[in-house]
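Here's the structure we're looking at; comments come further down.
Throughout, protein chains are lettered first and strands after them, A, B, ... in sequence-line order, and every chain is numbered starting at 1. All values below come from the heavy atoms of this structure, side chains included, with hydrogens, waters and symmetry mates left out.
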Amino acid sequence: RCENVKQLVSEVLRLSMASDPLLYLAQTHDTVAKIDALSDEMRTFLRLCLTVDSEDRPVPRNLLSHSLFRPFVISASLIPVPPHFPVIEPSLCLVDFAHYKAKLGAMEHEGDLLKDYPLTLDNDFLQEGERPELRGGKRDKLSERPLREVYHLWQLAGGNVEQELKKQKLVRIKPAILTLPSVMVVEGEFFGGGLHRRQLLESKTIILPLHNLRHRLAHIPPEKYYPLITQGECGTDELETSQLPLVIRERDVEYQFHRLLIFERLLQSYPFKAESILREARKDTLPFYRALVWASLLGVDGAVAHTYQQIDKETPTPTDRQIEVDIPRCHQYDELLSSPQGHVKFTRVLKAWVVSHPHLVYWQGLDSLCAPFLYLNFNNEALAYACLSKFIDKYLHKFFLRDNSAVIQEYLAKFSHMIAFHDPQLFNHLDNIGFIPELYAIPWFLTMYTHVFPLQKIFLLWDTLLLGEASLPLCIGVALLQQLKDRLLQFGFNECILLFSDMPDIDMERVVRESVQVFCSTPPSVTYRQHERPKPDPSKRSSPSPHLSQASQDLVMDAVPVAELKQEKCPRACGADLLELLAHKKSRSGRAKVLVVDIRPSDEFAHGTLADAINLPAESSITHEGLLVPGPQSDVLNSYRGKIICVMGSRHNWEHVIKFAESLVAQEFPRVCTLHQGVEVFRASGALVVPS
Amino acid sequence: MAVSQDNRWQKDAADQNFDYMFKLLIIGNSSVGKTSFLFRYADDSFTSAFVSTVGIDFKVKTVFRNDKRVKLQIWDTAGQERYRTITTAYYRGAMGFILMYDITNEESFNSVQDWCTQIKTYSWDNAQVILVGNKCDMEDERVISYERGKQLADQLGLEFYETSAKENINVKAVFERLVDIICDKMSESLDTDPNLVNASKSTRLTDNPQPQNGSCQC
């Protein structure tokens, strides 16, 4: 072992002493011929990467400007390579992906150039080459960071521009006694005095002291400034802070610093690192890079700026008046969005969306939906527009059709099912007083809550919303209702509508947490919607043979007419979900995740049913009062209270299934669902067994 | 179901102490000031920074009229024309409508006729309607004269007011008048057709709490 270390050290020393490390490496690895075969350009590049002295070694950002990368850059001006404080350019992160791929493809054809392409060399070398004695080296690592980042961190570390200006006597405040009015008339008007600040332009430059921030970051070793994103390990997990609540994490300089570095590097590598961005965003989204993280989560790519530029945002359209009257009523408590510039930008982005989506139309509420994107991308309308378009396509697919009633009706019916599924007590109460989702939930879903909550809460909510499936908003709705449950249960119809017309203060972090729980405990088919965006399903395309998939075809969820959906109180689950739940073997308590209640007559049950199903024939198991007839099977059912209960019957006696499920909901059994298309769906797949 | 509902309404009535409950709707084009009007009446407040209404919004206010406590459940609707398919579903069971236009906006005035047709189509025959020209404080920008408004109201057989939610002109008067004519209509029906007593009572007891029956054809 000792030998090994000695050998390693001498190896490293020899490498660092070599006049040409590249040649040295080639010689010691027997690849001289290979290296020689590379182009001159590539060799120069490799040499640059292998510069021994870290002081002279270019950082990745500088390397990007190497002529080697020229083919990948759409426009050289997009790459920010000033020596210090480059500001990350959003359009850089969102380079034309299609263009890039085309280039990459072309290179593959040109030969094996790509095979030996040392994409990771840069990182590997940094790791090994960073010598301990260079820690806290002479060069100021902080000054390599973009200015906006440094300023952000500086503020987190307690920096305050106004304080500094006061200190420098550039802002002066009169003593309070001098601000008293000189004359005051009986009507209450007063003259003289008042807070008076000097308004003259001062051309003096002051330097904001960085020592506080430097001090806070002093113990961070230099290699942390170059996080290794290719190895999947992004390194904030080891910080104790990562376990603390979000509010604390968002204010912690060191934690934010690490997150900044990681996100910046990942964003620079977007879209190749889209997966990693998603993974990191699951931990938390960095407020500083929220705009770009959201854009990448939404899968924005392509020539964003170019596309936006091509759209005619000036020609008058019939929608203009509506946009014009809505914008001055949209999130106007915010200074940016209420500014004249804000209104102009707002109009342009909305008009661009309307013009570029001719099959969709402007519905009131689209303004609210646009607000968070515009706020985050205030100086990048194109990205705001691109995010809005992607967002609507994913979460509000078809909602903005001219005739969207079928879409909204289905959504609300599903929401009603979700309430019954997760909180039958609340569902029964609301159903009883006629407080239906149609009365309060349209703005929730049509605007994805942006019409209901202020922007700061929306950011928190959407940070999670954007990570999830298109069904997550339904879960958020359930979590919201549950948070207000105590009040709602006490209230009659009038109080309920009043409560929602003036939304009370909501603990958004709790909503987020609970909505994820709701999501995880909901079988996917429960939230199936006919009008949702079809999922890109590669398996479907690869197996076109219909006879092969007949069995599985029966097991999937398909469209149910809205009228039927609204008749039913419980959601339907599909056969595939049920089999999957059954396959999850029993937990420690000895209970499966799901109980299948077969409500067919006992002779049909005896002919074949699902394993572990219990038989409670519809005719004889429910009393006139809608209660369960006591018996051993009912006891089993009662003992499963809280687990998923799937009512299974025949599709030919569907009304029995509905009635049985409804009586369970009336008795406040949570998580009751019915089996879509009845027990017949299992015929082809052979899942039915004779009960023992 | 019926049993539980009766209980609830007894409870509600006991809690709230009201003799009648009227469901009223405010309708009209976008940004004519429906929400402002409602806020002025229910909360006596005005701000020019209201948010647009998506779908539906509500206020509840109890007033005294002829020694009766009348609870007004006022539904404020989205004005954009597209929303009509959604909002007309809420017309059911409404006893009174405030049909609003903006005196500084010709288009909103021109739509009055349409809105009137909507009411006729989707609400019950006895629903009372008042035509309101809002924003009468903005005299400089006026494009619809009082006479034009009055003329149209006469033509449609509606009562007419010009109001200002901002300056609090005639807001209360409109609601009071609407309550009065609904009360008149009720007693009139009482005199002529005893069956309607039950109708109006049942309106109070069941139509309001059960909007789901009618709200879903859209």
Side-chain angles (χ1 to χ4, degrees), chain A residues 319 321-322 324-333 338 361-368 400 402-406 408-409 412-413 416 428-429 431-447 450-452 491-502 562-563 566, chain B residues 1 4-5 7-9 11-13 15-16 18 21 29-32 35-36 38 42-43 47-60 62 71-76 78-83 85-87 89-90 102 105 107-108 206-213 215-218:
Chain A
T319 315
R321 197 198 94 88
Q322 193 63 53
E324 197 185 306
V325 298
D326 282 346
I327 286 174
R329 299 188 283 177
C330 182
H331 292 280
Q332 293 299 295
Y333 53 86
S338 63
V361 295
Y362 178 89
W363 280 80
Q364 268 188 311
L366 184 73
D367 49 334
S368 298
F400 290 91
R402 194 173 298 277
D403 179 12
N404 62 5
S405 52
I408 290 191
Q409 292 298 317
L412 295 175
S416 178
N428 290 334
H429 175 70
D431 190 47
N432 202 14
I433 62 170
F435 189 60
I436 49 171
E438 274 82 349
L439 294 178
Y440 59 91
I442 292 176
W444 290 13
F445 299 126
L446 187 72
T447 71
T450 51
H451 201 75
V452 192
F491 285 173
F493 182 81
N494 281 331
E495 290 89 345
C496 282
I497 58 174
L498 283 180
L499 183 70
F500 280 110
S501 82
D502 192 12
V562 173
K566 296 176 89 157
Chain B
M1 174 83 182
S4 71
Q5 237 181 38
N7 286 342
R8 174 174 45 77
W9 280 94
K11 178 175 166 267
D12 219 30
D15 283 355
Q16 303 299 322
F18 63 85
M21 180 148 79
N29 274 16
S30 193
S31 85
V32 296
T35 308
S36 303
L38 179 55
D43 301 348
T47 142
S48 45
F50 274 116
V51 295
S52 56
T53 308
V54 171
I56 195 107
D57 205 352
F58 310 85
K59 285 280 174 199
V60 176
T62 308
K71 197 174 186 104
L72 302 180
Q73 189 186 78
I74 312 163
W75 298 44
D76 174 23
Q80 196 190 6
E81 195 181 340
R82 299 189 203 301
Y83 274 98
T85 43
I86 292 173
T87 52
Y90 303 125
D102 171 0
N105 183 291
E107 200 190 323
S108 72
T206 57
D207 256 23
N208 281 316
Q210 287 189 311
Q212 80 266 35
N213 292 343
S215 57
C216 306
Q217 305 103 338
C218 52

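Residue B/Glu81: no heavy atom, backbone or side chain, is found under 4.5 Å from chain A. For chain B, no part of A/Leu412 is nearby; none of its heavy atoms comes within less than 4.5 Å. Proximity to chain B (any heavy atom under 4.5 Å) is shown, for A/Tyr362, by both the backbone and the side chain.
No donor-acceptor pair under 3.5 Å is formed between the side chain of A/Arg402 and the backbone N or O of B/Arg82.
Contact check for B/Tyr83 versus A/Trp363: side-chain heavy atoms found under the 4.5 Å cut-off. You'll find the side chain of A/Ser368 stays beyond 4.5 Å of the side chain of B/Val54, heavy atoms only.
Between A/Leu439 and B/Ile56, the shortest heavy-atom contact is O-CG2, 3.2 Å.
Highest contact tally toward chain B, considering only A/Ala563, A/Gly365, A/Ser501, A/Ala413, is held by A/Ser501 [criterion: heavy-atom pairs under 4.5 Å]. Most heavy-atom pairs under 4.5 Å with chain B, from the set A/Val562, A/Ile442, A/Asp502, A/Leu498: that is A/Leu498.
Scanning for side chain to side chain contact (heavy atoms under 4.5 Å, CB included) contacts around A/Ser338 gives A/Gln332, with sequence neighbours left out. Annotation: side chain to side chain contact (heavy atoms under 4.5 Å, CB included) contacts of B/Ser30 (sequence neighbours excluded): A/Arg321, A/Gln322, A/Val325, A/Asp326, A/Arg329, A/Gln364.
Taking CZ from A/Phe493 and CZ from B/Phe58, the interatomic distance works out to 5.5 Å, rounded to the nearest 0.5 Å. Note: A/Asn494 CG to B/Thr62 OG1 = 8.5 Å, rounded to the nearest 0.5 Å.
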